[in-house]
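Okay, so here's the structure we're looking at.
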Amino acid sequence: MRGDGNYPPFEMMIEKKLTGLHIDIVQAVASRLKLELSFKSVPWKRAIWMVKTGTADAIIYIGKTEKRSEFLNFIEGNILSQVVNVFFISGKLIDKIQYTGNIDQLKSFIIGKVAGYHYGPFFEENSSYLKIDDGARTEEQLLKKLKLGRIDVGIGDIALISYL
């Protein structure tokens, strides 16, 4: 399983073909182990649910959390890549938001995130009192919400957001 978004250079559709670093690595390992492999792209929350309920065998790339460790096997040192999550805003709010690392500065703004994603302990532990909109299925949708003014701040992988 994998999310249905594009995550260049790790996972993306090019000319209707799934490609990228994660895809290449997983295919190479499966080939060495003589495993038959097929990828299915679905919304992220569904991908997690399918692995959790046993209707899928694995998920290609997922951040480790205590809750996910209840149904996923995370092998120590098995890291395909790392993500650096950042907050991003539209140019319209550049004078209103001067983030200095104090998450309290964001409590009066609507923060958009992709449904089902884990943004690391700092964000997860401090987000309970923030106004969170987790209605986006992909980063593309998250950026559209920001552009339309439906959210004030987004959180996401700096490489992917910069690419998009």
Side-chain angles (χ1 to χ4, degrees), residues 1-89 99 101 103 106 111-127 130 132-147 151 153-164:
M1 301 308 302
R2 64 175 296 278
D4 60 356
N6 284 312
Y7 313 99
F10 307 112
E11 303 170 26
M12 62 216 147
M13 296 295 286
I14 297 180
E15 297 178 9
K16 298 184 181 183
K17 183 180 184 312
L18 186 60
T19 188
L21 181 64
H22 292 167
I23 305 303
D24 294 345
I25 290 171
V26 172
Q27 286 176 326
V29 170
S31 177
R32 283 184 140 183
L33 296 173
K34 297 183 180 8
L35 294 174
E36 191 174 318
L37 179 68
S38 65
F39 294 101
K40 185 169 185 178
S41 301
V42 298
W44 186 244
K45 284 177 78 172
R46 187 178 319 154
I48 295 170
W49 176 83
M50 290 177 75
V51 173
K52 183 177 182 176
T53 60
T55 55
D57 298 313
I59 197 161
I60 192 167
Y61 181 74
I62 187 168
K64 183 178 181 179
T65 68
E66 189 175 317
K67 192 174 184 179
R68 292 173 178 172
S69 293
E70 294 172 6
F71 59 92
L72 291 169
N73 182 19
F74 290 93
I75 300 168
E76 193 68 34
N78 184 22
I79 299 172
L80 294 179
S81 61
Q82 292 185 328
V83 169
V84 176
N85 289 308
V86 295
F87 293 114
F88 54 93
I89 61 173
Y99 184 66
I103 203 161
L106 302 177
I111 301 173
K113 65 180 223 124
V114 175
Y117 275 29
H118 177 75
Y119 292 96
F122 174 76
F123 181 76
E124 302 301 332
E125 290 166 10
N126 290 288
S127 64
L130 298 173
I132 303 293
D133 176 330
D134 66 351
R137 282 187 27 214
T138 65
E139 284 77 3
E140 289 93 342
Q141 286 182 351
L142 195 59
L143 285 171
K144 283 180 185 174
K145 286 181 147 200
L146 184 69
K147 186 176 179 181
I151 61 171
V153 179
I155 184 170
D157 173 29
I158 191 169
L160 178 55
I161 297 303
S162 297
Y163 174 82
L164 294 171

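Computation of the quantities below employed the complete heavy-atom set of this structure, encompassing side-chain atoms and omitting hydrogens, waters and symmetry-equivalent molecules.
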Nearest heavy-atom pair of Lys45 and Gly116: which atoms, and what distance?
CG-CA, 3.5 Å

Nearest 0.5 angstrom please: Ile111 CD1 to Asp134 CG, how far?
12.0 Å

Test item: Arg2 side-chain N/O and Gly5 main-chain N/O as donor-acceptor pair under 3.5 Å
yes

Which pair of heavy atoms, one from Val153 and one from Leu146, lies closest together, and at what distance?
N-CD1, 4.2 Å

Steps toward side chain to side chain contact (heavy atoms under 4.5 Å, CB included) verdict (Glu140, Asn6)
CA-CA 9 Å; Glu140 289 93 342; Asn6 284 312; 4.1 Å; yes

Using a 4.5 Å cut-off on heavy atoms from C-beta on, say whether the side chain of Tyr99 contacts that of Val86.
no

Closest approach of Ala47 and Met1, non-hydrogen atoms and distance?
CB-CB, 4.0 Å

Go through the steps to decide whether Phe74 and Thr65 satisfy the test side chain to side chain contact (heavy atoms under 4.5 Å, CB included), and finish with yes or no.
CA-CA 10 Å; Phe74 290 93; Thr65 68; over 6 Å; no

Taken to the nearest 0.5 Å, the spacing of Ile151 CD1 from Lys144 NZ works out to 13.0 Å

For Phe123 and Tyr119, take the angle between the two ring planes, folded into 0 to 90°, and tell me which bin it lands in: parallel under 30, tilted 30 to 60, perpendicular over 60.
perpendicular

Counting only heavy atoms not in Ile158 (residues, nucleotides, ligands), do more than 12 fall under 6.0 Å from its CD1?
no

Heavy-atom distance under 4.5 Å between the side chains of Tyr61 and Leu21, does that happen here?
no

Report yes if the side chains of Ile60 and Ile23 come closer than 4.5 Å at any heavy-atom pair, otherwise no.
yes

Of all heavy-atom pairs between Gly20 and Met12, which one has the smallest distance, and what is that distance?
CA-CE, 4.0 Å

State, yes or no, whether a side-chain contact exists between Phe71 and Ile48 at a heavy-atom distance under 4.5 Å.
yes

Please test Thr55 against Thr53 for side chain to side chain contact (heavy atoms under 4.5 Å, CB included), starting from the C-alpha separation and ending with a verdict.
CA-CA 6 Å; Thr55 55; Thr53 60; 3.3 Å; yes

From Glu66 atom CD to Glu124 atom CD, the distance as rounded to the nearest 0.5 Å:
13.0 Å

If I take atom CG from residue Leu142 and atom NZ from residue Lys145, how far apart are they, to the nearest 0.5 angstrom?
7.5 Å

What is the distance from atom CD1 of Ile155 to atom CD of Glu139, rounded to the nearest 0.5 Å?
11.0 Å

Show the nearest heavy-atom pair for residues Arg137 and Val114, with the distance to one decimal.
O-CG1, 3.3 Å

Could you check whether any side-chain heavy atom of Ile132 comes within less than 4.5 Å of a side-chain heavy atom of Leu130, counting everything from C-beta outward?
yes

Please check: side-chain N/O of Asn85 versus main-chain N/O of Asp157, any donor-acceptor pairing under 3.5 Å?
yes

Give, for atom CD1 of Ile103 and atom CD of Glu125, the distance between the pair rounded to the nearest 0.5 Å.
10.5 Å

Should we count CG of Asp57 as having more than 12 external heavy atoms under 6.0 Å?
no

Please state whether the rings of Tyr117 and Trp44 are parallel, tilted or perpendicular, taking 30° and 60° as the class boundaries.
perpendicular

Heavy atoms, side chains only, cut-off 4.5 Å: are His118 and Arg68 in contact?
yes

Leu37 versus Ala30, closest heavy-atom pair with distance:
CD2-CB, 3.8 Å

